[in-house]
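Input: a single structure, listed below in structure tokens.
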Amino acid sequence: MREGVNLQRYNTFGLPAVAERYLALTDVAQLSDDAFNQAPALVLGGGSNLVLLEEIPGLTVHVLLNGIESADGKGRFRVRAGTDWNQFVRYTLEQGFPGMENLILIPGTIGAAPVQNIGAYGAEVAEFITAVHAWEYGRGMVELSPEDCAFGYRDSRFKREPGRYLITAVDFDLSQRRPLKLEYGAIAGELERCGITEPSARDVATAVTNIRRSKLPDWFFLGNSGSFFKNPVVERSLHANLLETHPDLPSYPIDDSVVKLPAGWLIDKAGLRGAGTDCVGTYERQALVMVNRGGASGRDILSFSKQVQDTVMAKFGVPLEPEVRVIGRQAG
Ligand code: EPU
């Protein structure tokens with residue numbers, strides 16, 4: 001246990017924040033220590049979906065359980081929670097188990113993947129998860145089925161009940177061959193650009209890598225947390241009204257009553273792509289991504305995000321809900 005640990009290099013936004021108490025979890029046996037009687041204020045994985053305010057009171061647990069715990073050689077894997085997501089996806093493809101190629105290059109760890117049911121290019125991690133192993137505070141080790149996890153769009157039980165579970169490992173099943181998901185517009189276009197007519201899963205992985213690199217900033221060079229807001233789901237009547245003034249508004253049908261709108265498009269058309277200050281703004285090539293241009297604090301990010309929400313609300317009447325989690329309190 002250490003006190004007063006600076007978390008700036010442990011979050012992809014690069015925000016300064018100090019953990020009152022910090023514990024590196026490298027072995028599940030540590031979970032039976034007294035320190036784990038109570039839920040920590042922050043369970044830190046890759047730190048890629050967080051806005052940290054200056055002070056993180058209480059305990060921060062950094063999950064550093066690493067590596068593949070077991071593999072049956074047929075596409076079933078149990079992977080420890082601190083393992084890097086992207087490295088695992090690459091490994092499965094190299095081992096000849098396609099399926100997660102659309103999810104390549106997403107930052108973060110295995111343990112964070114189910115929390116917000118990470119997704120990209122028409123795929124979601126929930127499709128591949130068969131169980132989540134977790135430490136439940138006050139109870140001990142538990143195994144959750146996919147139904148128990150209650151996955152939704154960028155959502156799960158773990159997100160809705162923060163502080164109840166600490167994920168230690170995730171089971172994946174890639175044993176069944178599935179058709180490639182190419183229907184996402186940009187993928188087909190990228191494959192065509194590369195002259196590929198009969199793509200393999202690895203070709204799709206390369207296409208997704210190219211698209212992500214061209215649109216999403218690398219946090220190593222420009223601090224960010226991927227999409228800052230969720231894509232909002234609105235009533236069809238509001239969508240119909242918006243189409244009258246904005247016929248080019250893209251949308252994804254959900255059911256008979258609601259549609260999902262791209263938040264990036266709304267922010268862009270509200271004139272905010274690339275907007276901001278010297279320290280915080282939206283990314284020039286993807287307005288849904290908020291970036292730390294240097295020296296931003298969590299407070300700077302939140303006040304700019306509020307401005308974005310207000311502007312989009314005033315122009316389109318659509319509320320934007322953050323996808324990222326805000327943790328801590330402001331100093332002083
Ligand atoms: N658009 C604009 N201007 C922009 C940004 C987007 O007009 O500045 C338009 C695009 O042209 C497109 C639409 O908005 O018509 C959607 O944009 P895009 O295809 O880039 O996807 P997104 O909806 O913004 C979602 C996920 C991403 C994921 C991509 C690819 C959410 C909140 N975000 O973004 O996930 O990588 O699709 O599948 O669902 C993340 O969660 O951190 C993340 C990066």
Side-chain angles (χ1 to χ4, degrees), residues 10-12 24-28 43-50 61-135 143-146 149 151 154 156 158-159 165-178 180-181 184 187 200-213 216 218-220 225-227:
Y10 299 140
N11 71 96
T12 62
L25 181 71
T26 53
D27 186 338
V28 280
V43 177
L44 188 61
S48 58
N49 203 42
L50 293 176
V61 175
H62 198 176
V63 181
L64 300 175
L65 306 162
N66 204 14
I68 294 177
E69 195 174 308
S70 61
D72 73 350
K74 295 178 188 147
R76 293 185 196 88
F77 300 88
R78 177 164 303 168
V79 191
R80 295 191 186 92
T83 311
D84 180 71
W85 170 261
N86 183 46
Q87 275 182 18
F88 176 59
V89 173
R90 284 183 193 285
Y91 178 78
T92 58
L93 291 168
E94 278 159 19
Q95 295 296 306
F97 298 109
M100 303 205 292
E101 52 282 350
N102 295 42
L103 303 177
I104 199 156
L105 222 63
I106 294 182
T109 57
I110 291 288
V115 177
Q116 63 148 352
N117 186 14
I118 57 170
Y121 306 101
E124 282 185 344
V125 73
E127 299 166 47
F128 307 99
I129 291 179
T130 51
V132 171
H133 304 269
W135 177 262
E143 180 178 327
L144 291 99
S145 69
C149 296
F151 291 119
R154 294 297 194 277
S156 73
F158 309 108
K159 199 167 180 179
Y165 302 100
L166 185 152
I167 295 173
T168 57
V170 179
D171 291 352
F172 295 90
D173 186 350
L174 299 167
S175 62
Q176 285 159 31
R177 289 294 143 120
R178 302 154 196 253
L180 295 174
K181 288 203 176 81
Y184 187 92
I187 293 187
S200 65
R202 281 182 182 224
D203 293 329
V204 175
T206 305
V208 170
T209 302
N210 293 345
I211 299 165
R212 287 190 77 96
R213 291 224 162 105
L216 300 170
D218 183 337
W219 61 268
F220 192 79
S225 64
S227 299

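From a predicted model like this one, the values you see are computed outputs, not experimental measurements.
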Indicate the atoms forming the closest heavy-atom contact of R178 with D173, along with that distance. NH2-O, 3.7 Å
Run the numbers on L144 and Y165 for side chain to side chain contact (heavy atoms under 4.5 Å, CB included), then give the verdict. CA-CA 10 Å; L144 291 99; Y165 302 100; 3.9 Å; yes
Considering all heavy atoms, the nearest L65-T26 contact: CD2-C, 3.4 Å
Starting from the C-alpha separation in whole Å, work towards a yes-or-no answer on side chain to side chain contact (heavy atoms under 4.5 Å, CB included) for Y91 and I68. CA-CA 10 Å; Y91 178 78; I68 294 177; 3.3 Å; yes
Grab the two heavy atoms, one from P107 and one from S48, that are nearest each other, plus how far apart they are. O-OG, 3.6 Å
When you measure from the side chain of E94 to the backbone N and O of T92, does any donor-acceptor pair fall under 3.5 Å? no
F88 and F172 aromatic centres sub-6.0 Å: yes
Give the C-alpha distance, both sets of side-chain angles, the deciding distance and a yes or no for side chain to side chain contact (heavy atoms under 4.5 Å, CB included) between R212 and L105. CA-CA 8 Å; R212 287 190 77 96; L105 222 63; 3.8 Å; yes
Would you compute the distance between atom CD of E143 and atom OG1 of T168 and round it to the nearest 0.5 angstrom? 10.0 Å
Quiz: residues 118-127 side-chain donor-acceptor pairs under 3.5 angstrom, not counting sequence neighbours:
| unit_1 | atom_1 | unit_2 | atom_2 | d |
| --- | --- | --- | --- | --- |
| E124 | OE1 | N117 | ND2 | 3.1 |
| E127 | OE1 | K181 | NZ | 2.7 |
| E127 | OE2 | E124 | N | 2.7 |

Say you draw a straight line from CG of D84 to OG1 of T109; how long is it, rounded to the nearest 0.5 Å? 8.0 Å
Might you point out which heavy atoms bring V89 and L103 nearest each other, and give the distance in Å? CG2-O, 4.3 Å
Closest non-hydrogen atoms of K74 and F97, given as atom of the first, atom of the second and distance, are C-CE2, 3.4 Å
Separation between CD of Q116 and CG of N49, rounded to the nearest 0.5 Å: 4.0 Å
What's the separation between atom CZ in F158 and atom CD1 in I167, rounded to the nearest 0.5 Å? 4.5 Å
Just do the side chain to side chain contact (heavy atoms under 4.5 Å, CB included) check on R90 and I104 with the steps written out, would you? CA-CA 7 Å; R90 284 183 193 285; I104 199 156; 3.9 Å; yes
May I ask you to test the H62-V43 pair for a side-chain heavy-atom distance under 4.5 Å? no
So CG of D171 and CD1 of I110: to nearest 0.5 Å the spacing works out to 11.0 Å
Please examine the side chains of L166 and V61, heavy atoms only from C-beta on, and report whether any two atoms are closer than 4.5 Å. yes
Any N102 side-chain heavy atom under 4.5 Å of Y184 side chain: no
Reported CD1-to-SG distance for the pair I129 and C149, which is rounded to 0.5 angstrom: 6.5 Å
Contacts of type salt bridge (charged side-chain N to carboxylate O under 4.0 Å, His left out), residue D203, not counting sequence neighbours: none
Residue list, salt bridge (charged side-chain N to carboxylate O under 4.0 Å, His left out) with R202, at least two apart or on another chain: none
Can you check whether P114 reaches F151 side chain to side chain, under 4.5 Å on heavy atoms? yes
Mind listing the closest non-hydrogen atom pair of N66 and R80 along with its distance? O-NH1, 3.0 Å
